[in-house]
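Notes follow the structure.
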2 protein chains.
Amino acid sequence: MTSPAPTVLVFLDPAFENGRIADSSQPQLMATDLGATRGDGVFESLLAVQGRPRKVQAHLNRLGSSAAALDLALPEQDAWRKAIDTAINEFRNVHPAPTPEEDEVVVKLIVTRGVEGAASPTCWVQASPSPAGSRRQRETGIDVVLLDRGFDTEAGERAPWLLLGAKTLSYAVNMAALRYAHKQGADDAIFTSTDGRVLEGPTSTVLLAHLETVDDGDGSVRTVRRLITPQHDSGILPGTSQGALFAAAKAAGWELGYGPLVPQDLFDADAVWLISSIRLIAPVNHINGKEIGTPAVRKQLTAELNELFAGIE
Amino acid sequence: MTSPAPTVLVFLDPAFENGRIADSSQPQLMATDLGATRGDGVFESLLAVQGRPRKVQAHLNRLGSSAAALDLALPEQDAWRKAIDTAINEFRNVHPAPTPEEDEVVVKLIVTRGVEGAASPTCWVQASPSPAGSRRQRETGIDVVLLDRGFDTEAGERAPWLLLGAKTLSYAVNMAALRYAHKQGADDAIFTSTDGRVLEGPTSTVLLAHLETVDDGDGSVRTVRRLITPQHDSGILPGTSQGALFAAAKAAGWELGYGPLVPQDLFDADAVWLISSIRLIAPVNHINGKEIGTPAVRKQLTAELNELFAGIE
């Protein structure tokens, strides 16, 4: 058994303005909590770099829409912000990073429906170290397999009880898809819909880049760079990292595009990434064993996007 | 806030042959348990009537197949049996039923992947009172709406990572479907597939009965009774109650049938039921507002099935 990662827990509790720090080495959850017995709740994961949590507003907004999809009433965003700060400060005090480069804290916001009959949800913030594997994959890139998600792209709009746009605690399928990918020798997966569209990764958003050489007619030639992601109304989670990166890329002169995308679009791309709040921008080397683009282009475009992304608050 | 139902918790623990009784008024789960943060685990619910747990072997077998689908290694069945007995005995000692008719205990078997990096899953048995609402619905019957499950009937076989035949802790969609049904004024739901088949309830199996009058040609006329359920390979959970009832019904001279079923089959049936281990046999009065059969036939057939079902071990 590997020993559990150092963790700080801060429960949202009206009696504690900045949140209530709880001993993470002891049980803190009721065994009858509907989060544990029914996966009935929602969550967010975000990264704090050198003490500063990234994209807090975007994560709180998405936590709010997820909760609304599940009819869960959340505490005020201000209470979350204070608990997030408490968790990050406590974590960095107790577990200081050896170098500024390693000063990354994973912050999870978790909401469950509480025990049966509870008047309000159970809410807490969890701070823990950023996994070394995630940091490594940003550098080395990842191999991916395409996996059928079983849904068509209209299921989410047709059947809101499927909770397709909500980030729920019911992640068993996402975890099973990752285990399946690992058994195939891959690092991650990209889900496809039954109507043949590219959807998302089990814990990430899909991005691709197309470079196009344009002759302006006056003898000059320039490269148009286009960043594309699947359209948001296809039953996928709107990516907070994708949203922030798109805004930064647009300001830097990239063209933006929104699917529908089919698998062939991935194979034809100059680069593909899985982007998420903890691992950040992971370049995809192979999909189903086929190389995407070339190492040189992947490397150059990834460096460019990383630079854009580093400037995000 | 309603006060939480009295509950007994018994953790499976190699150091305690009959399971370790834990104080259910105190937190017993780590907040980092993957059951709570990812819905990553499996469960079963069964009923103990007057101290005797029903269909234990069928539930342990299904717990085993669910766990296998999630690559979870379970403790021996004998350890579960002992913990189940401990939980039931403790519950009935601490919370004796006022009458033998009310002596029903809900027993849940829960398995989570444990905290990240744990060598073995977290396993416990929970005993709690049978909900009064469930007992009432056996008598009064229920109204049901049909809800799209988003999958086709072949998704489960095609994509094992969707875990369609496993009873996982990731039940947020099942709970959302029930909330949606309640908002429509219904008591429960029946899921349908995108290829138009009847699947299952969010927490139950669908059964229907057809009565057919057959003229034997010698002047005598008899009624053939047929009990039908959706076929098991359509991505639904094989019902332990349905399985036990079918065996008893066959012995009592019923014909048995397995789908594919379409919604019209439900509307044309002489009776429809949702059957499950806690609520047992709940007759369906209306589906999408349309009455199923007649009150007299529903009542008579339900009484017959209840009698068959009462004999089950």
Side-chain angles (χ1 to χ4, degrees), chain A residues 1-5 7 9 22 24 26-41 43 69-71 108 110 112-113 115-119 124 126 128 147-152 155 158-164 166 168-177 179-180 189 194, chain B residues 1-5 7 9 22 24 26-41 43 69-71 108 110 112-113 115-119 124 126 128 147-152 155 158-164 166 168-177 179-180 189 194:
Chain A
M1 180 166 170
T2 38
S3 66
T7 301
L9 298 174
S24 70
Q26 295 300 316
Q28 297 291 353
L29 266 195
M30 302 296 279
T32 50
D33 192 289
L34 292 164
T37 59
R38 296 292 198 184
D40 200 358
F43 76 105
L70 272 75
D71 295 326
K108 288 187 83 167
I110 300 176
T112 78
R113 199 173 297 279
V115 297
E116 194 105 34
W124 74 97
Q126 174 186 317
S128 53
L147 295 183
D148 180 354
R149 186 61 187 82
F151 294 117
D152 60 81
R158 193 172 69 227
W161 49 87
L162 299 178
L163 307 175
L164 290 186
T168 78
L169 295 176
S170 285
Y171 252 42
V173 168
N174 306 53
M175 299 296 104
R179 283 195 302 276
Y180 187 89
T194 52
Chain B
M1 178 167 169
T2 38
S3 66
T7 300
L9 297 174
S24 70
Q26 296 300 316
Q28 297 291 352
L29 266 194
M30 301 297 279
T32 50
D33 192 289
L34 292 164
T37 59
R38 295 292 197 184
D40 200 357
F43 76 106
L70 272 75
D71 295 326
K108 286 187 85 167
I110 299 177
T112 78
R113 201 172 297 279
V115 298
E116 196 105 34
W124 73 95
Q126 174 186 319
S128 53
L147 294 183
D148 180 353
R149 186 61 187 83
F151 293 119
D152 61 79
R158 192 172 70 227
W161 50 86
L162 299 178
L163 307 175
L164 289 187
T168 80
L169 295 175
S170 285
Y171 251 42
V173 168
N174 306 54
M175 299 296 103
R179 283 194 303 276
Y180 187 91
T194 53

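Keep in mind the model is a prediction, meaning the values are calculated, not measured. Proteins come first, then strands; the chains are lettered A, B, ... in the order of their sequence lines, and each starts at number 1.
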Part of Arg179(A) lying under 4.5 Å from any heavy atom of chain B: side chain

Interface residue of largest heavy-atom contact number with chain B, from Trp124(A), Tyr171(A), Phe43(A), under 4.5 Å: Tyr171(A)

Proximity breakdown for Arg149(A) and chain B, heavy-atom pairs closer than 4.5 Å: both

Top contributor to chain A interface from Leu70(B), Ile110(B), Thr194(B), Leu9(B) [non-hydrogen pairs under 4.5 Å]: Leu70(B)

Residue among Leu34(B), Thr168(B), Leu162(B) with most heavy-atom pairs under 4.5 Å to chain A: Leu162(B)

Nearest atoms (heavy-atom pairs only) where Gln126(B) meets Thr7(B): CG-CG2, 3.5 Å

Interchain contact, Met175(A) with chain B, by part (heavy-atom threshold 4.5 Å): side chain

Region of Asp33(A) in contact with chain B, defined by heavy-atom distances below 4.5 Å: neither

Choice from Ala31(B), Ala189(B), Ala159(B), Pro160(B) maximising heavy atom contacts with chain A below 4.5 Å: Ala31(B)

Separation of Thr37(A) OG1 from Arg113(A) CZ (nearest 0.5 Å): 11.0 Å

Residue selection (most heavy-atom pairs with chain A, distance under 4.5 Å) from Asp40(B), Val173(B), Asp148(B): Asp148(B)

Contact winner vs chain B - Leu147(A), Leu163(A), Leu164(A), heavy-atom pairs under 4.5 Å: Leu147(A)

Winner by heavy-atom pair count (cut-off under 4.5 Å) against chain B, out of Ala69(A), Ala166(A), Gly150(A), Gly35(A): Gly150(A)

Heavy-atom pairs under 4.5 Å with chain B, option from Arg38(A), Gln28(A), Met30(A) with the top count: Arg38(A)

Working for side-chain contact (heavy atoms from CB on, under 4.5 Å), residues Asp152(A) and Arg158(A): CA-CA 10 Å; Asp152(A) 60 81; Arg158(A) 193 172 69 227; 3.1 Å; yes

Selection from Gly39(A), Ala172(A), Ala155(A) maximising heavy-atom pairs under 4.5 Å formed with chain B: Ala172(A)

Under 4.5 Å from any heavy atom of chain B - which part of Tyr180(A): side chain

